[in-house]
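Structure record follows, encoded as structure tokens.
Side-chain atoms are counted along with the backbone in the values below, which use heavy atoms only and exclude waters and symmetry mates. For this chain, numbers begin at 1 and follow the sequence in order. As the structure lists them, so they are numbered: ligands from 1, and atoms in each ligand from 1. The shown structure was predicted, so the numbers you read here are calculated from the model rather than taken from an experiment.
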Amino acid sequence: MAPNVLVTGSAGQIGAELVPRLRSLYGKDNVVAAVHASPRDPSVSDGPMVVLDTGDQAAVVAALKEYKVDTVYHLAALLSAKGEKDPQLAWTVNMDGLRNVLEASRTNGVSQVFWPSSIGAFGPDAPKTNTPQNAPLNPTTMYGVTKVAGELLCNYYHAKYGLDVRCLRYPGLISSVALPGGGTTDYAVEIFYEAVRTGSYTCFLREDTVLPMMYMPDALKATVQLMEAPAPKVPRHLGYNLAAFSFSAGELASEVAKLVPGFKVTYSPDSRQKIADSWPQSIDDKEARRDWGWEPEYDLARMVADMLAKLRLRREGKGV
Ligand code: AKB
């Protein structure tokens, strides 16, 4: 039987693509898109939708009851750069929202919850390359603090109440539907829009900054695969390391320039550089591969070609 799903943060970078994917898998009426305000993206408004503030526990409970929800993807969150600009708000949105969703879920018959952690859970003392699953988690951003505390809370709800909470440490995500907002890896999305629109881009990170990244189709695949895996294949209820490829800002610019002749990138690092410098450059995801069979499909060249093709098509049709 198809699950009854609620997705918070549905109009965000992941939600805007996860909602249509889940609707195609489980049926339109079985996936409720929860948004903070009325969305402009029609991809989530073609099925059930609810305006929901996850900071309001009573409202979360009411939504779970109204739609008889048994599975929650709780995506609503503030990203790293925005979180550093307003750490109090980052704590409130990321932690109060998660606690409300977990507590409402366990008391209202929800059986499964997905929650996104991030490479931001690691700090400067973790090994920079091939960062292992159990590397120290000592982040220096409020975003990272909420990711570590969030992972522990998810694990606690599993250990104490048996709630099946599953969790991935996403790398930077590159996507063509909804723009990310307030992240440190956002440059790797913006660069494509500017390549297609103006042929030049000013990057807010240094040219030699290397970060772990992933194309959205792989992130969706990992999310669904993790949630559909039989329980014995998911022994871990803290975040799973997840990886596809890593590149420097300069390497991405060169790859884009192969398909956009004359593309020019200049570098003007800002406060986001410090965040990027505190994160790993590549991730060891062997536990995800071993436990539930994770394997990415996109490498850098294939992702770049697909992103440019999609954005060019949209620009021809309705403008990017
Ligand atoms: C961010 O840059 O804040 C996010 C992340 C890596 O978690 N994209």
Side-chain angles (χ1 to χ4, degrees), residues 9 11-18 73-87 89-91 93-95 97-98 114-124 126 128 131 135 137-151 154 167-193 203-206 209-220 222-223 238-249 252 269-283 285 296 303 307:
Q13 189 194 14
I14 302 172
E17 295 192 54
L18 185 63
Y73 292 75
H74 175 44
L75 306 178
L78 237 63
L79 294 183
S80 56
K82 197 158 180 199
E84 277 320 273
K85 293 228 148 55
D86 193 343
L89 184 67
W91 177 268
V93 171
N94 294 4
M95 294 313 299
L98 177 61
F114 173 81
W115 184 71
S117 186
S118 158
I119 53 164
F122 296 110
K128 278 275 167 227
T131 308
L137 297 172
N138 295 310
T140 47
T141 62
M142 180 55 94
Y143 177 69
V145 169
T146 66
K147 290 303 174 191
V148 176
E151 284 195 24
C154 290
C167 184
L168 291 172
R169 290 178 185 152
Y170 288 127
L173 297 180
I174 299 155
S175 61
S176 60
V177 175
L179 283 166
T184 302
T185 59
D186 291 10
Y187 91 85
V189 181
E190 291 171 4
I191 194 170
F192 288 98
Y193 281 77
C203 180
F204 57 74
L205 297 181
R206 268 193 334 264
T209 308
V210 177
L211 288 168
M213 300 279 187
M214 178 176 286
Y215 195 30
M216 188 59 83
D218 272 336
L220 300 181
T223 308
L238 295 154
Y240 271 97
N241 275 10
L242 190 69
F245 44 73
S246 291
F247 51 75
S248 68
L252 178 59
D270 65 15
S271 58
R272 288 169 278 193
Q273 185 67 50
K274 190 169 164 218
I275 301 176
D277 289 342
S278 75
W279 287 353
Q281 296 184 338
S282 61
I283 296 288
D285 63 356
M303 177 277 288
M307 272 295 283

Protein heavy atom at shortest distance from atom 8 (N) of ligand 1: Thr185 OG1, 2.9 Å
Who's the nearest protein heavy-atom neighbour of atom 2 (O) of ligand 1, and how far? Thr184 N, 2.7 Å
Taking atom types as modelled, is there a side-chain donor on Ser271 or Glu84 under 3.5 Å from an acceptor on the other? no
Please could you name the atoms of ligand 1 that Leu79 approaches to less than 4.0 Å, counting only its heavy atoms? 3 (O)
Assign the ring pair Trp279 / Tyr143 to parallel, tilted or perpendicular, where the plane angle (0 to 90°) is split at 30° and 60°. tilted
At less than 4.0 angstrom from any non-hydrogen atom of Ser80, what atoms of ligand 1 do you find? 1 (C), 2 (O), 3 (O)
Apply salt bridge (Lys or Arg N to Asp or Glu O under 4.0 Å) to Asp86 and list each qualifying residue two or more places apart in sequence or on a separate chain. none
Is it true that Ser246 and Gln281 share a donor-acceptor pair across their side chains at a distance under 3.5 Å? no
Counting each atom of ligand 1 from 1 as listed, which ones have a heavy atom of Trp279 under 4.0 Å away? 1 (C), 2 (O), 3 (O), 6 (C)
Can an N or O of Ser118 be found at a distance shorter than 3.5 Å from an N or O of ligand 1? yes
Determine the interplanar angle of the Tyr187 and Phe247 rings, folded into 0 to 90°, and report it as parallel if under 30°, tilted if 30 to 60°, perpendicular if over 60°. perpendicular
Inter- and intrachain pairs under salt bridge (Lys or Arg N to Asp or Glu O under 4.0 Å), touching residues 141-151, at least two apart: Glu151-Arg169
List every atom of ligand 1 that sits less than 4.0 Å from any heavy atom of Gly183, numbering the atoms from 1 in the order shown and giving each element. 1 (C), 2 (O), 3 (O)
